[in-house]
Trainee: 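My structure is below; once you've seen it, I'll send some questions.
Just so you know, ligand 1 is whichever comes first in the structure, and atom 1 is the first atom listed for that ligand.
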Amino acid sequence: MIKLKNTDKAVKRLILALKNNEKIGVWSDYDPDGVFALTLAYEALLNAGFKKNNLALSLPNQHKYRRSFNKFHLKLFKKSGVKLIIGIDFGTTDFEQVGWAKKMGFEVILLDHHRQRPGNLPALLINPYQKGDDSKTKNWSGAGVAYLFFENLYNFLKIDPKKLEKSIDLILIPALTDYIQINNGNLPYLKKSLGKIKAGDRPGLNASLKQIGLNKNLAIEDFKEKRADLCDFYGTLNGNGKQNNVFNLLLSKNKKDADKISKQIKKDLAVFEKYIDSMVAQGIKKFRSANQAKKLKFIFWGTDKDMGMIATGSKIANRLNEYFRIPVYFYNKENNIMKGSVRTNYPENSDANVIDSMKSSAQLFFSFGGHPRAAGFYIKKKNLPLFEKALNKYYGNS
Ligand SMILES: [Mn+2]
């Protein structure tokens, strides 16, 4: 059994909560990894003897609240009597947000897999990448880290590990959608996960994998080939909290409910794809002739429309970048501010660095960050022309 740093402390704290009949909050992220991890944790806690009434779940709409803790949902936890929060798939570098939780009197256990940065994190962190963690395999999704943790909890409580294995089907898909590298350390777990998926005990996975076209070939390689579809299908989410459709899908008890939710997701996805297609076509039309007349150095474009769906802008930026093969800065409205996605991901431009292109305009943004080839920013609408001007300067157009 793999035991990540701080596991014993966290296990002991949970057992105390179980003994004292405490109410526990479980909070996760809105992406495929987060939703699968929340489902896994919820099932694992129930199967370990925690009462349903003692579990409060939070899966805030990422589109509306962004990732990590937010004050609104923390207050809901407070009202419902939660003292201890288990946060999954976020938190390692969220010093400010975890600080809010601490200030409000919560104890926080974080099960995460994001890289660590120096800072004061007032939480008990379980993360294979944290300093002092001597586990050999670091490559786990958030759901994977949660699984390893619950293995230890079950072991400590002497609960039959088979009870936890009921939920191991939930770790393969997040490993793929989070681009976790597969190696000898995690492969046995992922194989077990695949075996469980194949056993077909979860109506929600059966129904959704069928929609994705994974009903016949079920090898890890087949799943890998469908990675983009998995990301889309389990990533375009509506609703909030328990209303989250993927969470409901994974917990659905029968084929009829599972089919219904799967079909609805597929329908939502079609609307999403149609919108992206039409925006990409508009973008191509808008910039093609200008690009032919005078080789453009970058594209700066966007819309006032808020699609209410995660990753719309980054998909449009990606597709335009693929077509024109120059850096693309695409913005769209999100919660009354402009969210930008920047892409410059193609081999002949390997030294491009879009983060650099934003650094000189740092004062214009609410925030910006990411990687040299894929980045993002939040900006006031009125600052957009100033940013465009700065980009022209950066790319030597003026
Ligand atoms: Mn993750």
Trainee: Output, by chain and residue number, all protein N/O/S atoms separated from the Mn ion (ligand 1) by less than 2.8 Å.
Mentor: Asp33 OD2, Asp89 OD1, His113 NE2, Asp178 OD2
Trainee: For residues 269-277, which side-chain N or O atoms pair as donor and acceptor with protein atoms under 3.5 Å away, sequence neighbours left out?
Mentor:
| residue | atom | partner | partner atom | Å |
| --- | --- | --- | --- | --- |
| Asp277 | OD1 | Arg319 | NH1 | 3.1 |
| Asp277 | OD1 | Arg319 | NH2 | 3.1 |

Trainee: Do Asn206 and Lys255 have side-chain atoms, one donor and one acceptor, less than 3.5 Å apart?
Mentor: no
Trainee: Which pairs count as salt bridge (charged side-chain N to carboxylate O under 4.0 Å, His left out) when at least one residue sits in residues 127-138, sequence neighbours excluded?
Mentor: Asp133-Lys138
Trainee: Provide the full list of salt bridge (charged side-chain N to carboxylate O under 4.0 Å, His left out) pairs with a residue in residues 95-124, sequence neighbours left out, each pair given once.
Mentor: Arg13-Glu107
Trainee: Determine whether the aromatic ring centres of residues Phe69 and Trp27 are separated by less than 6.0 angstrom.
Mentor: yes
Trainee: Pairing donors with acceptors under 3.5 angstrom, does anything connect the side chains of Tyr329 and Ser357?
Mentor: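 Note: Tyr329 and Ser357 side chains meet the donor-acceptor criterion.
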